[in-house]
Protein chains: 2
Amino acid sequence: MSGKLSNKFYMEKKNIRIKDIAQLAGVSSGTVDRVLHNRGKVSEEALRKVLQTLKEIDYKPNLIARTLGTKKTFRIAVLIPDPSQDEYWAQSEVGIKQAINDWHQYDVQIKTYFFDLYHKDSFLRVTHAVLQARPDGIVIAPIFYHEALPFLQQCQSYKIPFTIFNTDIREVRPLSFIGQNLYESGRVAAELMCLGHQKTGTLAVLHINEDSVNSIHLLDKQRGFQQYIKEKDLTGVKIKVLNIKDSENGKEVKRILELLEDETLQGVYVTTSKGVSFIAALLQKLNRVDLRLIGYDLLPENIKYLEAGTIRFLINQNAKHQTFLGIQQLANYLFLRKEPLAHNFLPLEIITRENLCSYLRSAVPHF
Amino acid sequence: MSGKLSNKFYMEKKNIRIKDIAQLAGVSSGTVDRVLHNRGKVSEEALRKVLQTLKEIDYKPNLIARTLGTKKTFRIAVLIPDPSQDEYWAQSEVGIKQAINDWHQYDVQIKTYFFDLYHKDSFLRVTHAVLQARPDGIVIAPIFYHEALPFLQQCQSYKIPFTIFNTDIREVRPLSFIGQNLYESGRVAAELMCLGHQKTGTLAVLHINEDSVNSIHLLDKQRGFQQYIKEKDLTGVKIKVLNIKDSENGKEVKRILELLEDETLQGVYVTTSKGVSFIAALLQKLNRVDLRLIGYDLLPENIKYLEAGTIRFLINQNAKHQTFLGIQQLANYLFLRKEPLAHNFLPLEIITRENLCSYLRSAVPHF
DNA sequence: TTGAAAGCGCTAACAC
DNA sequence: GTGTTAGCGCTTTCAA
């Protein structure tokens, strides 16, 4: 340290190793290791000495060496709906693929399990298969609440750590949850809807093509939307809520058309990622592109209408990032013992025609 | 592979090691290593054999083992303006601190060099100090173009890799550039400005408290803003551009006040992060909060006015993330030999009152 | 209960 | 030119 004054960085000392601690404490490195991981079998005396030196210095283990030392290979199961059924989940799968790519070389094996987006029994089958496989960790989008709950409780009793994304389940304590605050999401939509608009007229909230299971969550968005309007004291503004189970169904389409014919209608907020392009198509046909249309996610169809100007705003839920992060956190936990944050609420990204390509360009970070 | 059928993951094979390649090619692992890093001293014959097997299999080196094997400690110099002079650069420093924290345990030493935001000679002094220290890599915000250029060319001739962030310098080929597309940034501002507004009136573009050096870049924003208006064919909209060198100066303030008294004024776009809170304060005083005010960055002052509703939109340049990413990419390059993308244009994040806290909550990812 | 030692996959120095 | 080998810091096994 004294002889290298020409080196601007000389003040940085090398990290302390287990060996150093052992030396300072007057024990062997094996004993230090046992203390660090309290694997027992350490005498009072040795324990005291090691803890003492540990207190005096700031030991940060070399995670890389640790990783190399433990030859254990981890197996992670990822459960999401079948990507071929839904563009949103197709994006999620992209995140999985990226994570697989990142971790492949380190004996972290990631296996994907798809279940049918519309059939709970398919989900149940998959969860059974996962439990059979006894993975070291699980990453899951628990969109079927009632079926997911017992499964996750089972995981807990098996001591299999899991991270949850997309849909929160409050009853279980996951290693971490990754998602967005849906209430705030609704508020953001309302804010964008009202910006520069007149203080009268009708706004519509549409829940399209979603299972009733999910609608619990969609109600959060709706609440946020309504609450914002209420707070702004926009008493001249009426909010119509429509629940469209099946946009292919003629009767349902008729309800939508009726809504769109409303002369006082100012804007439409679609709470589901797959619903908004359907409305956009209708608006184009009806030549009502003056309406302010707000929806979710950078799905190919949605992007098309955003670029065309029919959709004004998309709030990005970033399924790719959510999924990637979920796996990343679990793998880091297993592999490097890094505890993730319990709750990771991703930012509510506002996408417009003009900032769209800045988002399309920027990939999920690789590490 | 055959005996473990009960294991759902059995099909995943273990990663190939150098030793395996050596065996397959019928040479020693030393030779394989020499080929992989083309350190020469390999016979035609051996080279051929190794390359052949390398072609047949998909070898991904274990970066963790490599890291542990190379005992080299890297030294990275980071150059930014003095954080105490400017909140924007204070955020940048937060990114540095996070990176230091991440890399400390792996013998990647990061040293920060601050220079005076307003004095080029201070920058020159700092660059000399950096060159003296001969770091293994440099991360720099080259806000003084004419001074930075020769410095970076010097770095190139010394073969010191560097990443650039915040301000692009096209003449040199950095390892990577991290920043935003400023032209698009201006377009986004214009889009947000026009949304739901009437098609007549005046819009103001204000460059506040920036050196002429930076104004080259601010002009990009201005161009984007103007171009958007032009494309929209908003012929009734007039754009006033003001260049305010010093918002403390009475004369300059007067020019601003004159502008704000303009009855036709609809909105103000401030291209600099530190200028917008000054305008916001004025608007509050003049009780002209109906004006749409758009600025940059989540600085404490700006956040205050965004929450109050005086600022409608902030476009986030995310100095923290830019800086963190710059260091991250350089360190990964030195340490793990991961080539970053040459250009990393970060997304143009639109911040409103309602999505603000979702952004404040989400930290720069740690890895 | 403890220390010694092998080994994780790779790098780099060193003989031959 | 080539193969061998000693680490990197940690975990884990095995004697003692």
Side-chain angles (χ1 to χ4, degrees), chain A residues 13-51 54 57-74 103-108 334-338, chain B residues 13-51 53-54 57-74 103-108 136 334-338:
Chain A
K13 69 249 167 266
K14 290 203 67 109
N15 227 14
I16 292 155
R17 288 123 68 234
I18 282 190
K19 207 196 269 183
D20 300 324
I21 300 173
Q23 201 163 14
L24 288 171
V27 296
S28 77
S29 51
T31 302
V32 176
D33 186 74
R34 278 182 281 264
V35 171
L36 285 173
H37 302 97
N38 44 295
R39 315 195 211 278
K41 300 180 183 248
V42 172
S43 68
E44 285 279 316
E45 174 65 6
L47 181 69
R48 200 189 48 69
K49 285 193 292 187
V50 172
L51 287 179
L54 233 33
I57 53 119
D58 175 37
Y59 171 64
K60 292 190 182 180
N62 184 325
L63 267 23
I64 285 188
R66 153 130 85 216
T67 298
L68 199 58
T70 71
K71 30 205 135 271
K72 180 155 178 42
T73 78
F74 291 103
W103 288 99
H104 166 253
Q105 52 205 304
Y106 310 108
D107 288 333
V108 175
L334 293 172
F335 206 60
L336 306 174
R337 305 194 199 161
K338 284 198 190 175
Chain B
K13 66 247 166 270
K14 291 203 64 111
N15 224 16
I16 292 152
R17 287 122 69 233
I18 283 191
K19 209 195 265 184
D20 301 323
I21 300 173
Q23 201 164 13
L24 288 171
V27 296
S28 77
S29 54
T31 302
V32 175
D33 186 73
R34 278 181 283 263
V35 172
L36 286 173
H37 302 97
N38 44 296
R39 314 194 212 280
K41 300 183 184 253
V42 170
S43 69
E44 285 278 319
E45 175 64 4
L47 181 68
R48 199 188 48 69
K49 282 193 293 187
V50 173
L51 287 180
T53 44
L54 234 31
I57 53 116
D58 176 36
Y59 171 65
K60 293 189 181 181
N62 183 325
L63 266 25
I64 286 187
R66 168 183 299 175
T67 299
L68 200 60
T70 70
K71 35 210 129 262
K72 180 153 176 46
T73 80
F74 291 104
W103 287 98
H104 165 254
Q105 49 202 310
Y106 312 108
D107 287 332
V108 173
D136 299 295
L334 292 173
F335 206 59
L336 307 174
R337 305 195 199 155
K338 285 196 190 176

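A, B, ... follow the sequence lines: proteins, then strands. Residue 1 opens every chain. Not measured: the values here are computed from a predicted model.
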Here the gap from B/Ile21 atom CD1 to B/Tyr59 atom OH, rounded to the nearest 0.5 Å, amounts to 5.5 Å
Is A/Asn62 touching bases, backbone alone, or none of the nucleic acid, heavy atoms closer than 4.0 Å?
sugar-phosphate
With a 4.0 Å cutoff (strictly under), does any side-chain N or O of A/Arg66 reach OP1 or OP2 of D/dG9?
no
Gap between atoms CD1 and C1', on B/Ile64 and D/dT11 respectively (whole Å)
14 Å
note: A/Lys41, atom NZ; D/dA15, atom P; distance rounded to Å ~ 15 Å
Indicate whether OP1 or OP2 belonging to D/dT12 is found under 4.0 Å from a side-chain N or O atom of A/Arg39.
yes
How long is the gap from CG on A/Asp33 to CG on A/Asn38, to the nearest 0.5 Å?
10.5 Å
Outer limits of DNA chain C sitting under 4.0 Å from a non-hydrogen atom of chain A, read 5' to 3', are C/dT1 to C/dG9
Mind calculating the distance between NE2 (B/His37) and C1' (D/dT2) to the nearest angstrom?
17 Å
Separation of D/dT5 atom C1' from B/Arg34 atom CZ, nearest Å, is 12 Å
Taking the nucleotide of DNA chain D with the closest heavy atom to each, which residue, A/Gly30 or A/Arg17, is nearer the 5' end?
A/Arg17
Give B/Tyr59 one of three labels, base, sugar-phosphate or nothing, depending on what nucleic acid heavy atoms sit under 4.0 Å from its own.
sugar-phosphate
Would you say A/Lys338 and A/Leu63 make side-chain contact, with heavy atoms under 4.5 Å?
yes
Do A/Phe335 and B/Ile64 come close enough that some side-chain heavy atom pair is under 4.5 Å?
yes
Is it the case that atom NZ in B/Lys41 sees more than 12 heavy atoms from other parts of the structure closer than 6.0 Å?
no
With a 6.0 Å cut-off (strictly less than), is the heavy-atom count around NZ of B/Lys19, excluding the residue itself, greater than 12?
no
Under a 4.5 Å cut-off applied to non-hydrogen side-chain atoms, are A/Val108 and A/Leu334 in contact?
no
Given atom CZ of A/Phe335 and atom C1' of D/dC10, what is their separation to the nearest angstrom?
13 Å
Specify the separation, in whole Å, of atom CG of B/Asp33 and atom P of D/dA6.
17 Å
Here's a test of your reading of the structure: between B/Leu68 and A/Thr70, which maps to the more 5' nucleotide of DNA chain D?
B/Leu68
